[in-house]
There are 2 protein chains.
Amino acid sequence: MSSSSATADPKLSLTAADWARAALDAMAAGGLDAVAVEPLARRLGVTKGSFYWHFQNREALLRAALELWERRETEDVLARVGDEADPYQRIVKVFREANAGYRSGRLYLAIAAAEDNPLVNEFVQRVSARRMEYLVSCYQALGFEDVRARHWARFAYATFMGNLQIRRDSPDLMPSGAPFNDYLKLMIKTLIPREAGEKSAGDSHPHVVPMHRSSGHS
Amino acid sequence: MSSSSATADPKLSLTAADWARAALDAMAAGGLDAVAVEPLARRLGVTKGSFYWHFQNREALLRAALELWERRETEDVLARVGDEADPYQRIVKVFREANAGYRSGRLYLAIAAAEDNPLVNEFVQRVSARRMEYLVSCYQALGFEDVRARHWARFAYATFMGNLQIRRDSPDLMPSGAPFNDYLKLMIKTLIPREAGEKSAGDSHPHVVPMHRSSGHS
DNA sequence: GGTTGCCCATACGCCCCCGTATGGCTAGAC
DNA sequence: GTCTAGCCATACGGGGGCGTATGGGCAACC
């Protein structure tokens, strides 16, 4: 898809962004410790000499990779569902995107697993806070009062994260196909109750799951 | 008691179990990579010479630590709420224990983060499957048909895991005190519906969280 | 008091990673 | 053609973890 790095590229010269991308890929595959200079250099077909020209040290690479991650996380993910008018559909979309584009979630888990690193922790905190805020705003738009909106948003976010974890750790426990869709419907129906303040906007049954998959990609 | 290990113990001789316990502690603190022979030896006040008398290599220690974890996980956690008669209260207890005893959950996250290790993955899969089975049996005892029981159990388990993740990665997003109790009540009320026999939507939540009393359910 | 077995210390070679120092190669400027 | 700047290779020292080899202390046992 989007030039997601290869072992040998036609490019004759690497950039700092190339290194940052490779670092993120490594992180998704092997966690924080996989962001090592020499292995990355080998994977990119160069040596350390290249790296230490573009970056001062390993931590600078880590910072660049995390910044890239944060950028993707807020620009890509949220901007793709942010144009949805109906707050209900916004939440539904978040859930669908989340459970389909497993790749982004896996990356989150890999990064968050290194929360003992203060630099990582800083980024994780910002990203998760921003996600929560988005969900809170959705529930508020549905008519929920602040505290309740925050509770429901946290609830939904936790469920979303837990599904990621289940899918990663024990995929056998996660159904696929039609049963999975039933599971999704159950969660959506449960996590978006309709007793906020009765925000009108369609009294019939707007709570229908449209069932449209957008192609994966980050 | 349970003497959570110290740097220098009165014991003049270490056992394999001591090493396994120390390995688990290290894992909870620093992930899989923290289970290193020489650092652990330093922490226990001995040298590698001791370790390689008790174990053949690092993987043997890892296996011992994971077996200890699995034993604790099934004997301690489940055996503590398993004697509860009311299935509703069983689920409530699981949720309460989970959100209170943050320690065990943090350990789970640390271990599960290393799912790329086949040995670790094997144990994680067994433990999570066993947890899920327990929850499924609770929902079945509540009268849920098999597939729906499995959906609700997965839902509850995912929410439980997600709350752990939130609490670890961004504790600021998790309320404390009275608001947290409201949050817990909301989740419990939502995740233990009462419509085992039917399948229609639009139900309210008749269950009340008793807090201490075992409610005469059914 | 010598022997045996348990538990551990010391020392070594190996590998892998970090960071630095230094030199080489290529393309464009002049 | 020379000079310069960008990009990278090579080589080195240091650190830390793994696994092994070997020996020492200390009990119990006979």
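Order of the sequence lines fixes the chain letters, A, B, ..., with proteins taken first and strands second; residue numbering starts at 1 for each chain.
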Study note, to complete from the structure: Taken in chain and number order and not counting sequence neighbours, the residues that satisfy side-chain hydrogen bond (donor to acceptor under 3.5 Å, both in side chains) with A:Y183 are A:N163

In a table with atom names and distances, give each donor-acceptor pair under 3.5 Å that connects a side chain of residues 110-117 of chain A to protein atoms at least two apart or in another chain.
from, atom 1, to, atom 2, distance (Å)
A:E115, OE2, B:R106, NH2, 2.9
A:N117, OD1, A:L119, N, 2.8
A:N117, OD1, A:V120, N, 3.3

**Study point:** Between D:dG16 (P) and B:L40 (CG): distance, integer Å
**Key:** 16 Å

Review point. Hey, does the side chain of B:R42 come within less than 4.0 Å of D:dG17's phosphate (OP1/OP2), counting only N and O?
Key: yes

Check your understanding: Counting N and O atoms only, with roles assigned by atom type, does the side chain of B:H151 sit under 3.5 Å from a partner on the main chain of A:F180, one being a donor and the other an acceptor?
Key -> no

Review point. With the sugar-phosphate defined as primed atoms, P, OP1 and OP2, and the base as all remaining atoms, what B/S/- string results for nucleotides 7-15 of chain D, 5' to 3', for protein heavy atoms under 4.0 Å?
Key: BBBBB----

Point to revise | B:Q125-A:D169 side chain donor-acceptor pair, cut-off 3.5 Å | key: no

Practice item. Whole angstrom is fine here: how far is it from CZ in B:R43 over to C1' in D:dG17? Key: 18 Å

Review point. Roughly how many Å is it from CZ in A:F51 to P in C:dC16, rounded to a whole number?
Key: 20 Å

Check your understanding: Roughly, in whole Å, what's the span from CG in A:D33 to P in C:dC17?
Key -> 11 Å

Review point. Looking at residues at least two apart in the chain, or sitting in another chain, which of them share a ring pair (Phe, Tyr, Trp, His ring centres under 6.0 Å) with B:F155?
Key: B:W152

Point to revise | Which residues share a salt bridge (charged side-chain N to carboxylate O under 4.0 Å, His left out) with A:R63, sequence neighbours left out | key: A:E59

Exercise for review: Taking the six-membered ring for Trp and the single ring otherwise, decide whether the centroids of B:F51 and B:W19 are under 6.0 Å apart.
Suggested key: yes

Practice item. Would you kindly check if the NZ (Lys) or CZ (Arg) of B:R126 is within the cone defined by 45 degrees around the ring axis of B:F123 and under 6.0 Å from the six-membered ring centre? Key: yes

Revision key, fill the gap. Whole-Å distance, B:F55 CZ to D:dC18 P, equals 13 Å

Exercise for review: Give me the residues of residues 56-67 of chain B where at least one heavy atom lies under 4.0 Å from an atom of DNA chain D, by number, or none.
Suggested key: B:N57, B:R58

